[in-house]
Protein chains: 2
Amino acid sequence: MAEGQSQNVSSGQALLYLTDEQLRQGIEAMFFAYRGFTADPDRILEGMSYGRAHHRAIHFIHCAPGTTVNNLLAILGVTKQSLNRVLRTLIEDGLVTSHVGRSDKRERHLTLTETGEALEQQLSDAQRVRMRDAYRKAGPEAVAGFKTVLEAMMDDDMRRAYLALRDGR
Amino acid sequence: MAEGQSQNVSSGQALLYLTDEQLRQGIEAMFFAYRGFTADPDRILEGMSYGRAHHRAIHFIHCAPGTTVNNLLAILGVTKQSLNRVLRTLIEDGLVTSHVGRSDKRERHLTLTETGEALEQQLSDAQRVRMRDAYRKAGPEAVAGFKTVLEAMMDDDMRRAYLALRDGR
DNA sequence: TTGGAATGTCAACAAGACTGACGTATTTTC
DNA sequence: GAAAATACGTCAGTCTTGTTGACATTCCAA
């Protein structure tokens with residue numbers, strides 16, 4: 001308990017950024033920022049009978065066209081029943097296509113259709129506008145720090161997935 | 001569309017961090033990091049019939065003891081009905097007390113009981129452990145950048161709430 | 001004093017997550 | 001070639017957490 005405080009006492013100024021109060025600020029910053037982060041796409045989605053879950057699926061299918069259901073499952077961290085509900089509507093509505101795998105016919109490879117890509121563009125544009133404004137306001141050094149901390153905050157599995165996506169492009 | 005790319009072309013190296021690809025990385029980093037961010041408290045909560053909504057209420061009541069329902073509503077950004085369900089169970093279970101306001105009897109002032117404070121400690125300790133590790137790994141400059149970007153990412157209302165909380169302590 | 005605004009409560013419903021069970025096609029393993 | 005494992009889809013039921021709508025209480029100002 002209160003490790004930050006004791007560290008602070010024992011190590012002096014250098015570790016002031018690790019106090020409980022500083023950590024609490026960071027926690028609240030994450031909470032409020034994440035709200036802003038999702039607000040714009042949410043606004044677009046509402047009224048078109050899609051939600052944040054659809055956005056996430058669309059985002060990652062766009063990034064890794066031809067990915068399998070299992071792959072997506074691992075990245076999104078939801079159950080297949082949950083993902084299936086979302087995927088079914090996206091396929092029915094003609095935003096995503098599902099092709100039986102060539103080498104392994106059990107797999108389904110997912111791709112965005114033109115309509116799907118158009119929605120992806122619309123959503124990620126909205127999200128990028130906010131990110132770009134924030135980045136520009138904060139400057140390159142801050143952005144580097146931002147990414148460093150976020151990466152350190154991930155679970156190991158997620159960090160692997162993140163780095164794989166990042167380096168695979 | 002693709003504003004980052006064109007900026008990149010027009011302004012050279014200095015704005016490389018604003019490319020669409022860099023922004024996309026930031027978006028994914030937020031997604032994966034937020035999962036890690038909530039994972040530890042979620043694990044504690046599961047099985048005790050509480051969820052993330054309860055955690056949030058407890059967190060902010062702890063930070064501003066005696067706050068009103070309306071106050072909390074503004075900070076959490078949910079409907080009062082939604083918050084009420086959460087508060088009801090917390091009050092029933094003896095984690096939160098609700099006192100009718102002295103000057104304005106319509107208001108209810110919320111405070112954590114001892115049991116409530118104990119759970120708050122347990123939850124925020126879990127969350128701080130991860131934050132502290134991430135902070136330590138990243139270092140003070142990165143942390144400063146992290147906070148700068150997050151703050152820039154918030155909606156104006158949320159930034160006001162965040163700064164008010166931060167400076168009110 | 002009365003009507004509107006603010007605060008909070010109850011009820012019903014929807015989205016999106018979960019578990020568990022089952023079916024089918026395909027691949028891998030023994 | 002038979003058995004086990006894998007990939008995917010689906011049905012049914014539950015839980016959390018968000019929503020709207022209706023309503024009671026309290027305060028304040030015309």
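Quick note on labels: first sequence line is chain A, next is B, and so on, each numbered from 1. Quick note: numbers below take in every heavy atom, side chains included, and nothing from hydrogens, waters or symmetry partners.
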- request: Grab the CZ-P distance between A/Arg108 and C/dT24 for me, whole Å please.
  value: 14 Å

query: Roughly how many Å is it from CG in B/Leu73 to C1' in D/dT20, rounded to a whole number?
result: 15 Å

- request: Tell me whether the OP1 or OP2 atom of D/dT6 has a side-chain N or O from A/Asn70 closer than 4.0 Å.
  value: no

- prompt: To the nearest Å, how far apart are B/Asp104 CG and D/dT25 C1'?
  reply: 11 Å

Euclidean distance, atom CD of residue B/Gln81 to atom C1' of D/dG18 [Å, nearest integer]: 10 Å

message: Would you say A/Arg56 places a side-chain N or O within less than 4.0 Å of OP1 or OP2 belonging to C/dA17?
response: yes

- request: Could you work out which one of D/dT19, C/dA17, D/dC8 sits closest to the side chain of B/Ser82?
  value: D/dT19

message: Please list, in numerical order, the residues of residues 83-99 of chain A that have a heavy atom closer than 4.0 Å to any atom of DNA chain D.
response: A/Asn84, A/Arg88

message: Aromatic contact between B/Phe37 and B/Phe32, with the criterion being ring centroids under 6.0 Å apart: yes or no?
response: no

statement: In whole angstroms, the gap separating P of D/dT17 from CG of B/Leu72 amounts to 14 Å

query: Hey, is the side chain of A/Arg102 poking within less than 4.0 Å of OP1 or OP2 on C/dT26, counting only N and O atoms?
result: no

- prompt: Taking A/Arg35 for the side chain and B/Leu76 for the main chain, is one N or O donor matched with an acceptor at less than 3.5 Å?
  reply: yes

statement: Rounded to whole Å, the CZ-P distance (A/Arg106 to C/dT28) equals 6 Å

task: Check whether the side chains of A/His99 and A/Thr111 place a donor and an acceptor atom closer than 3.5 Å, and report yes or no.
output: no

message: Whole angstroms only, please: what is the CZ-C1' distance between B/Arg43 and D/dT16?
response: 18 Å

query: With sugar-phosphate meaning primed atoms plus P, OP1 and OP2, does A/Gly77 contact a base, only sugar-phosphate, or nothing at under 4.0 Å between heavy atoms?
result: sugar-phosphate

task: Keeping the roles fixed (side chain from B/Glu141, backbone from A/Gly145), state whether a donor-acceptor pair exists under 3.5 Å.
output: no

task: Starting from P on D/dT25, measure out to NZ on B/Lys80 and report it in whole angstrom.
output: 15 Å

query: Taking C-beta and beyond as the side chain, do A/Met131 and A/Arg136 meet within less than 4.5 Å on heavy atoms?
result: no

- request: Indicate yes or no: does B/Arg160 engage B/Asp155 in a salt bridge with an N to O separation below 4.0 Å.
  value: no

task: May I ask you to evaluate whether A/Thr79 reaches the phosphate of C/dA17, defined as a side-chain N or O under 4.0 Å from OP1 or OP2?
output: no

Sub-6.0 Å ring centroid separation between A/Phe146 and B/Tyr17: no

message: Check this one for me: any side-chain N or O of A/His54 less than 4.0 Å away from OP1 or OP2 of C/dA15?
response: no

